[in-house]
2 protein chains.
Amino acid sequence: MSTEKLTTEIRKEQIAQVAFGLIATHGIKKLSMGRVARTIGLVPSALYRHFASKDEILDAVLDLIGDRLLENVKAVCEQSTDALERLNLLLKLHIIFIRENQGAIRVVFSEDAHADNPARRRRLYDMIQRYLAKIAEIVAQGQEQGVIRPDVEPATVSMMFLGMIQPAAILWQMSDGAFDVTKHGEKAWKLFHDAIQAKVGPCDGTHDSARRN
Amino acid sequence: MSTEKLTTEIRKEQIAQVAFGLIATHGIKKLSMGRVARTIGLVPSALYRHFASKDEILDAVLDLIGDRLLENVKAVCEQSTDALERLNLLLKLHIIFIRENQGAIRVVFSEDAHADNPARRRRLYDMIQRYLAKIAEIVAQGQEQGVIRPDVEPATVSMMFLGMIQPAAILWQMSDGAFDVTKHGEKAWKLFHDAIQAKVGPCDGTHDSARRN
DNA sequence: CTCCTTTGTGAATGCCTATTCACACTATAG
DNA sequence: CTATAGTGTGAATAGGCATTCACAAAGGAG
């Protein structure tokens, strides 16, 4: 009874946010119209005043995630100009994002999100590719700066960048937080950093990040 | 009518295999008792003669996957004694496994597989950890052999090993095969190889795998 | 103030699902 | 041959789900 009436713009935003939150905490499988509605204080059918279907709500949630990823890239680019430092910062931001929104990222890589829906699959694929392209851009720029070895494809590097975090994130969630993503991120970064950095000089033996432990 | 009667041992095997195949092709979301039964030529209720629940069938499928992963490790250990070569072979086997069984691996990392079921979550976590431990073993042995740099933790390396493939596998599936996992695997391996190999001599400039392209 | 559009309600519908159960068949042990 | 345990059948149950629809309230435009 008597939930206050809000304009559809506000409601759409609210619904997407709530759906995002529910996915982050309970997983996408548990996301139902009823649950979203109840969380807001509405009745399920009310959601259809603002979204035509559950699919549309999911699309809105995915947009939220995609935007956030690109925001992270933008943030690190403003914070530093050195490519390696940018990547390191981005890694940290990504991990923070994961930790703050448990299951959220998994949705992007999850099957449910696009099981039957080919249109959404394409959208998701594009979203990930866009993120990867931004990372590759940073890498390419690092190669021009001479801080990243020139004999690797930026696309490969960006893919491995993702690989530094994503499986770890899953393990973190699987283990109920026992597995330490942050720690892993730091260790993985050292290895990754060494792998992609330009050899310093022709051969001067310098390897400042290859110190023990 | 009249599907021949088989012993429960054979049926269990058959059901697990069929369920695995269905997951690989249609994804776990589409896996239903009805579908499994129909594929075999049975009626849904017949499955309950051999498994107490759908969950038990899923467990059997996960065992299939886990076994296969460990088999891969065993195979590469028999095929070579050099740690780096073993890892390279394992990478290739893993990619083949992915290509042959599309969605199968995703299940292990997928949320559906353990959304509510904490027992299975633990089983899956253990399964992955076992696989990672085996890889870490190879790494540690490579460090003793002197072919892998000693200043990295084997656990970190094994995690990154997984990271070389898993996100790529997802992209491959998302893109309907457009994204080339095999190619990515090769390029990523070069980078990974350089990252973990022991420095050759104090400083002789040798970097045989750091050639362009 | 009144009308009409927008937003919220509650019940109903229809689909898909896992699971159960009484029954039927069949092979084999005795 | 016959009883019995093991296996397959078909119908029925029950729960969850997205979605629809006729109706109610609310609030701004005129």
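Computed from a predicted structure; not experimentally measured. Letters go in sequence order (proteins before strands), and every chain restarts at 1.
With D:dA22, C:dA22, C:dA18 as the choices, the nucleotide that has an atom nearest any side-chain atom of B:K54 turns out to be C:dA18. The side chain of B:Y48 lies closest to C:dT19 when the candidates are C:dT19, C:dG8, D:dG8.
Atom-to-atom, CZ of B:R49 to C1' of C:dA24 comes out at 11 Å; the value is rounded to the nearest Å. The separation between B:L58 atom CG and C:dT19 atom P is 11 Å, rounded to whole Å. Per the geometry, CD belonging to B:Q14 stands 9 Å off P belonging to D:dG8, to the nearest Å. For the pair A:E56 CD and D:dT19 C1', the computed distance is 13 Å after rounding to whole Å. A:H50 has its NE2 atom 9 Å from the C1' atom of C:dT6, to the nearest Å. If you measure from atom CG of B:L47 to atom C1' of D:dT9, you get 12 Å, rounded to the nearest angstrom.
For B:R11 and D:dG8, the shortest distance from a side-chain N or O to OP1 or OP2 is below 4.0 Å.
Legend: residues meeting side chain to side chain contact (heavy atoms under 4.5 Å, CB included) with A:V147, ordered by chain and number and at least two apart, are A:D82, A:A83, A:L84, A:Q145. Annotation: side-chain hydrogen bond (donor to acceptor under 3.5 Å, both in side chains) contacts of A:D55 (sequence neighbours excluded): A:N117, A:R120. Residues passing the salt bridge (charged side-chain N to carboxylate O under 4.0 Å, His left out) test with A:R99: none are found, sequence neighbours excluded. Listed by chain and residue number, nothing satisfies the ring-ring contact (aromatic ring centres under 6.0 Å, His included) test with B:F161 (two or more places apart in sequence, or in another chain). For B:S45, the side-chain hydrogen bond (donor to acceptor under 3.5 Å, both in side chains) criterion is met by no residue, not counting sequence neighbours.
Not a single donor-acceptor contact under 3.5 angstrom links the side-chain atoms of A:S45 to the base of C:dG8.
Within residues 19-44 of chain A, the residues having any heavy atom closer than 4.0 Å to DNA chain C are, in order of number, A:L42, A:V43.
The pair B:E153-A:K183 does not meet the salt-bridge criterion, since no charged nitrogen lies less than 4.0 angstrom from a carboxylate oxygen.
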